[in-house]
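Only heavy atoms go into these numbers, but all of them, side chains included; no hydrogens, no water, no symmetry mates. Every chain is numbered from 1 and lettered A, B, ... according to where its sequence line falls, protein lines coming before strand lines. Fair warning: this is a prediction, and the values are worked out from it, not measured in the lab.
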Protein chains: 4
Amino acid sequence: MPDAGTNRRRADAARNIAALLDAASAAFVQAGVEAPVRDIAARAGVGVGTIYRHFPTRADLVVAVYRHQVDALAASADVLLGSATSPSAALDAWIDGFVDFLVTKHGLAGALRSGDPGLEALHAYFLDELVPACARILDAARTAGQTTTDVSAYQLMRAVGNLCIGAENDERYDARSVVALLLRGLRYAAP
Amino acid sequence: MPDAGTNRRRADAARNIAALLDAASAAFVQAGVEAPVRDIAARAGVGVGTIYRHFPTRADLVVAVYRHQVDALAASADVLLGSATSPSAALDAWIDGFVDFLVTKHGLAGALRSGDPGLEALHAYFLDELVPACARILDAARTAGQTTTDVSAYQLMRAVGNLCIGAENDERYDARSVVALLLRGLRYAAP
Amino acid sequence: MPDAGTNRRRADAARNIAALLDAASAAFVQAGVEAPVRDIAARAGVGVGTIYRHFPTRADLVVAVYRHQVDALAASADVLLGSATSPSAALDAWIDGFVDFLVTKHGLAGALRSGDPGLEALHAYFLDELVPACARILDAARTAGQTTTDVSAYQLMRAVGNLCIGAENDERYDARSVVALLLRGLRYAAP
Amino acid sequence: MPDAGTNRRRADAARNIAALLDAASAAFVQAGVEAPVRDIAARAGVGVGTIYRHFPTRADLVVAVYRHQVDALAASADVLLGSATSPSAALDAWIDGFVDFLVTKHGLAGALRSGDPGLEALHAYFLDELVPACARILDAARTAGQTTTDVSAYQLMRAVGNLCIGAENDERYDARSVVALLLRGLRYAAP
DNA sequence: GATGAATGAGCTTTCATTCAT
DNA sequence: GATGAATGAAAGCTCATTCAT
């Protein structure tokens, strides 16, 4: 049973972690997920060492920052399958949520594709969570005859993720339009 | 003949430039278009100063590396419109060539979206060359009633470009499949 | 007492800063105030980053190196006005101290005139501190009728500063002699 | 007896040298005597190699650029001694001409004191020419009882040269005023 | 003789990461 | 546990100088 000092310490650590996640989230929006470690530490009002203690690699930090939203998105798949008028509509809605997530988090989509080996773990986490969710909807749509595509859930997610890259800074490019095109193509896939 | 010396010298310089373009091309494949200047110089067996002499900015170098292929692609638009069985088929073929280009040049698609201001000139060059070419085919397809989409040539190219990002390192992701999906969606655009 | 760690750390940093100031001082003597950052760091046995941390610009470092002496010189003006037999004698003594300072710090006088924009701050600091001090003595001398010159304190300091340039490397040139000449001219200014 | 080709070549070379001196002179005014070799070559419309052929060291070039004026100044000493109303007036006039020279040639005074070993030859040339000239006037003044100073011609020239450093860029500093002060001090030197 | 392409040392600056306190 | 000073590898860029043509 931990004594009071330990509890105090743990409470402090928890507060630090929370501050860190907030700071990192803000920094990622403004400067991308490659934001300098120092900047994040400064925003959070902690030393850089504290970041390294709690999040040894950058990927650990990024994963932590987006974990909640990723989990919510994964969970929403089954909800949508239950509530939407059709599997196809559920897919549209779910992808819409995915685009929301990526477009809001400036630079996240790009970071996932940056090729930086240090971000591999991040990549893996996203895939592990989201691909199965997407696959469930896709299978339902296939079973319902609403698509004949053989494109995998993984491929679909990668495609949508890619389409969102750079969408924040470019007024002439609307990620949603082209994602809609892609989904239409999915519905009318070759017999 | 006073030009002899000049020409001879130019021949040497030309050889260096060629070596540089080869080296840069290789470096771009392995390390992306942000490959360190020093590394490129070393590969080419020249000093860094030589790079700066011929290509003052990184964009100059990247443009030079890809210029031929970009020009050829731009020129192929009209050829395809004349030879293909339909504007729609011409579009498919042209986009196919575009995908070829991007997938082969590892990291180029990503670089075009890196947001680095120093690569703006590069971005502009690609757009200036390719968007009009794409627009001509898209217009022909529209006139022929083979698509009703209002997606701009710019958006289409950006979308295809994005879909190609990271395709070379990922066995589970096939850019051509999803590009095909996108083009199918284009054909069956909302009435 | 939570400050212990902080203080201890500060003691270390202070030692580094001191080493840095010593090293910079020595480097300035040998290679001028434009001495390479690397060299200074090496002399001090620290990494270059440490210099940038404590002294973001070169001017910051130079100012720090000479701050004490500049401050002491500025403060000595009033002391001398109180203790010397006349304002004129005070001026002689103060200028003597100024020459001491400049001649000892090899290359400083030259650096102040190098025109390097990065050294502007340094220049400003020296002027802000010393010109008012000099002006007080000059005014006192004028009030006492010991000079009728209309040369400003700024001009006088610039002149003396210039006269000290290069004095340390030249056996045939004695800055004090010519400064004495200048001060004599000041006393016997045109009737 | 040189053949026509040789003459042609010599004529070309002479033209190049002239262009080079003009270009260097202009460059020195704008960027100081440390102006980049390339810039000077470009101004002159020649290759950098041509500069190195004719002026192996920077000092050679600087000396060549100012040789005419230095010679004229040296020669003017005896003229002034003959024409001026007194040796003292001749000294004033000669120093005035020296100041003219230094203040017009931006940065020259500073360059002479830069400590750059490559400029030693330059320094020597100036001294060899001008110190004897100055000494002749100074001796005459001494003989006429118009000064009792024991300051050497070398020291006087160095002092005046120093007083001119940086005078071009500083509205608050007037080299002539302080040079006048120095000369006044010279006249009223201690008995 | 002239050219200017090439070289590469040398400088500044940034930042991820470590570790003494 | 937390801190942030220190480190030093990396990278970009600039010229003075050489030398093949």
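- Base pairing of F/dT14: its partner is E/dA9, meeting the Watson-Crick or G-U wobble criterion (both donor-acceptor distances under 3.5 Å).
- Considering only side-chain atoms of C/Y52, the nucleotide from E/dT12, E/dT3, F/dG1 that sits closest is E/dT12.
- Taking atom CG of residue D/D60 and atom C1' of nucleotide F/dA16, one finds them 15 Å apart after rounding to whole Å.
- Candidate nucleotides E/dT7, E/dA20, F/dC13 were compared by shortest atom distance to the side chain of B/T50, and E/dT7 ranks first.
- For the pair C/E34 CD and E/dC11 C1', the interatomic distance rounds to 12 Å; values are reported in whole Å.
- Donor-acceptor pairing under 3.5 Å, judged by distance alone, is absent between the side chain of D/R38 and the base of E/dG4.
- Spacing between atom CZ of B/R58 and atom P of F/dA11 amounts to 10 Å, rounded to whole angstrom units.
- For the pair D/I51 CD1 and F/dT18 P, the computed distance is 14 Å after rounding to whole Å.
- A/N16 has no side-chain polar atom (N or O) that falls below the 4.0 Å cut-off from OP1 or OP2 of F/dG1.
- Ranking E/dT12, F/dA6, F/dA11 by closeness to the C/A13 side chain, first place goes to F/dA6.
- Closest to the A/V46 side chain, of the nucleotides E/dA20, E/dA16, F/dT3, is F/dT3.
- Nearest approach of D/R43 to D/A27, heavy atoms of both residues: NE-CB, 3.5 Å.
- With rounding to whole Å, A/I40 atom CD1 is found 16 Å from F/dG4 atom P.
- When atom types are taken as modelled, the side chain of D/R38 and the backbone of D/G47 share no donor-acceptor pair closer than 3.5 angstrom.
- Within the shown strands, E/dT3 is the pairing partner of F/dA20 under the Watson-Crick or G-U definition, both distances less than 3.5 Å.
- Dashed line: the shortest gap from a side-chain N or O of B/H54 to OP1 or OP2 of E/dA6 is under 4.0 Å.
- Counting only distance, with no hydrogens or angles, the side chain of D/R53 and the backbone of D/V48 share no donor-acceptor pair below 3.5 Å.
- If you measure from atom CG of D/L20 to atom C1' of E/dG1, you get 13 Å, rounded to the nearest angstrom.
- Distance D/I17 CD1 to E/dT3 P: 12 Å, rounded to the nearest Å.
- If you take CZ of D/R15 and P of E/dT3, they are 11 Å apart, rounded to a whole angstrom.
- Closest approach of D/V65 and D/A24 over heavy atoms only: CG2-CB, 3.7 Å.
- The side chain of C/V48 lies closest to E/dT13, out of E/dT18, F/dC13, E/dT13.
- The minimum heavy-atom distance between C/D60 and C/F55, with the atom names listed, is O-CD2, 3.8 Å.
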